[in-house]
**Q** 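The structure under discussion is supplied below as structure tokens; questions concerning it will follow.
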Amino acid sequence: MSAGGCSIVWFRRDLRIEDNPALAAGVRAGAVVAVFIWAPEEEGNYYPGRVSRWWLKQSLAHLDSSLRSVRTSLVTKRSTDTVSTLLEVVKSTGATKLFFNHLYDPLSLVRDHRAKEVLTAHGVAVRSFNADLLYEPWDVTDVQGRPFSTFSEFWERCLSMPYDPEAPLLPPKRIISGDVSKCHSDTLIFEDESEKASNALLARAWSPGWSNADRALTTFINGPLIEYSKNRRKADSATTSFLSPHLHFGEVSVRKVFHLVRIKQVLWANEGNKAGEESVNLFLKSIGLREYSRYMSFNHPYSHERPLLGHLKFFPWVVDEGYFKAWRQGRTGYPLVDAGMRELWATGWLHDRIRVVVSSFFVKVLQLPWRWGMKYFWDTLLDADLESDALGWQYISGTLPDGREFDRIDHPQLEGYKFDPNGEYVRRWLPELARLPTEWIHHPWNAPESVLQAAGIELGSNYPLPIVGIDAAKARLERALSEMWQQEAASRAAIENGTEEGLGDSFDSAPTAFPQDVQMEESHEPIRNNPHTTNRRYEDQMVPSMTSSLLRLEVEETSLDFRNLAQDSRTEVPRNVNVHQEPGREEVTPNVQRPNNVPRFNIIRDVGDAEDSTAESSSSNRRERDGIVVPVWAPSTSGYSEQYVSDENRIGNSSSYLQRHPQTHQIINWRRLPQTG
DNA sequence: GAATATTTCCC
DNA sequence: GGAAATATT
């Protein structure tokens, strides 16, 4: 290690000092400059929503005070270009090392790789770590080394890995502060005046910050965890862990969660407490889903905007702003859905069950494009998380290999009596229905007039009639699906005739090309040009500004934007460095279907930097997990097809819907997009 | 207790 | 909708 130069520890979504490998490495190496860079414009369409920014603000303040208690502090920077800001910090502090923890969303993968390259080129030693996952995505594969494509296989493998997830690290007792006298901090602005009032309410319910996260974890493990299995179906329960926002910002490490929870499980297993054991399994599964969302994002970097399976390519989404608005405002006429949407709006929070209810209503009953819903979640959820939300919405939309079938509609009335049998949840969030007896609470449209009158309800006036009948929705869904199959057949015929090569790729998931389209009404300018006014977008429930016809026209354009994006990132990733193709993988010709050929990411093995490689080299591949492996997005370097799922024996088994339509068992080859233009 | 109805749960 | 768990006969 070079003498003199300090280390930069670059904080992102790992806002904790406990079990933070990057921080620990920095501390071990000597003096530390802790940095957080706020560059929301880089997030493009995923500029964080109001409540998410509120959380971040609190969390950073908390982190700063923790750092101060161990004698350093957090340098904060406002930036529109993270990498050059990092360079600036390097120059102003004389740092010679950079440490950070991995992220797996597509933007971070590209940016972090670039950061690593640029800084390395400037003579900075860069090391990165796994702090966000139990196992790195590239370590969890089937026996042939291929990534899994269903959650259960993935999770089964995670739970039976030959080595345990790393044990959590203790927080540093003391940190030697690097010289920041020439490195000033910017004041970061996370909320504007109009947002302050709403934000003030959040503080009553939530306490961001890593030590609060730790407390929340302990509370959960010693309390609700044991009943988790029993209570999980209750919409209104305070029996969830409430850890998700903490986890999103990395205030608590999943490894710590995993370890503590596992300890409980062993305890309960020894006591013969079957229910407790089962509860732990279920809770861990939800942790596993979070892992899986990163895994999917890493293996399929477009999963936040593109369906993984292509079978909905020609689905005629209903582009109806009125529907969208009614859904957002909780005025669909289905009490459970509406209660959920009101809760979401009021608190930034929803029980997982209710997320499923409102989102599947959105996709199946309203048939709105799922990306709109996902974007709204992104804007309003306290725990908005790109990877998790993408996984969730893709699951709901049936575009995952193991997702639920598309052609099935759950009835909110039945779900209501399932998750909210006494109607308490509905009454809490829909005061207008508060006096309705339980018998009718989940289907007021059936209630006798006298009952409604007694409850003070006038349907269509102070509470809406169902916006769409379930039967009508089913019929419309069937029509839409047959239209979709027709279009697809036509397109396939056209392709076979060689007349229209690849038509449909750029149209795929048409109005789901959300980006600026569903930007709410007032600003047509891209976010990056207009940071102040765009804050307002998140403030009120507004309607997309595009009319349907405009939106349809926009589709091609957004696809073009998307191409540019892909192109851009290509140029950022040098072709010669990242190629790591395993034997037998590279020769797959496009359109020749092979099972599961998807390696799109390559892994840099940075041998020169492996200070601990000798220490652990004998014990399996453990050493690869820290510091020396950096996830790299190198889409242009791989020469094989991405025909994902043609092995019907594997994927087909998981869904009869897919079995009936085997030709759709393909994960779309997004990489082909740039070439079709 | 095996055969059979019924309910539950799918990321 | 269907596998799997659970209840019923």
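Chain A is the first sequence line, chain B the second, and so forth, proteins listed ahead of strands; every chain is numbered from 1.
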**Q** Between C:dG1 atom C1' and A:Leu481 atom CG, what is the distance in whole Å?
**A** 15 Å
**Q** Starting from P on B:dC9, measure out to NZ on A:Lys418 and report it in whole angstrom.
**A** 7 Å
**Q** Indicate, with a heavy-atom threshold strictly under 4.0 Å, whether A:Arg353 touches base, sugar-phosphate, or nothing.
**A** sugar-phosphate
**Q** Check step by step if salt bridge (charged side-chain N to carboxylate O under 4.0 Å, His left out) holds for A:Arg492 and A:Glu488.
**A** CA-CA 6 Å; A:Arg492 209 175 27 253; A:Glu488 192 193 283; 2.6 Å; yes
**Q** Parallel, tilted or perpendicular, judged at 30° and 60°: which one describes the rings of A:Trp372 and A:Phe324?
**A** tilted
**Q** B:dC11 P sits how many Å from A:Asp402 CG, rounded?
**A**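 For the pair A:Asp402 CG and B:dC11 P, the rounded distance is 6 Å.
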**Q** Return the value, rounded to whole Å, for the distance between atom CD1 of A:Ile287 and atom P of B:dC11.
**A** 17 Å
**Q** What residues, two or more places apart in sequence or in another chain, satisfy ring pair (Phe, Tyr, Trp, His ring centres under 6.0 Å) together with A:Phe361?
**A** A:Tyr334
**Q** Can you sort out the partners of A:Phe377 under ring pair (Phe, Tyr, Trp, His ring centres under 6.0 Å), two or more places apart, ordered by chain and number?
**A** A:Trp393
**Q** B:dT8 C1' sits how many Å from A:His411 NE2, rounded?
**A**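 Going from NE2 in A:His411 over to C1' in B:dT8 covers 19 Å.
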**Q** What is the separation between atom CG on A:Leu308 and atom P on B:dC11, rounded to the nearest whole Å?
**A** 15 Å
**Q** Roughly how many Å is it from CG in A:Asp352 to C1' in B:dC11, rounded to a whole number?
**A** 9 Å
**Q** How long is the line joining CZ of A:Phe406 and P of B:dC10, in whole Å?
**A** 21 Å
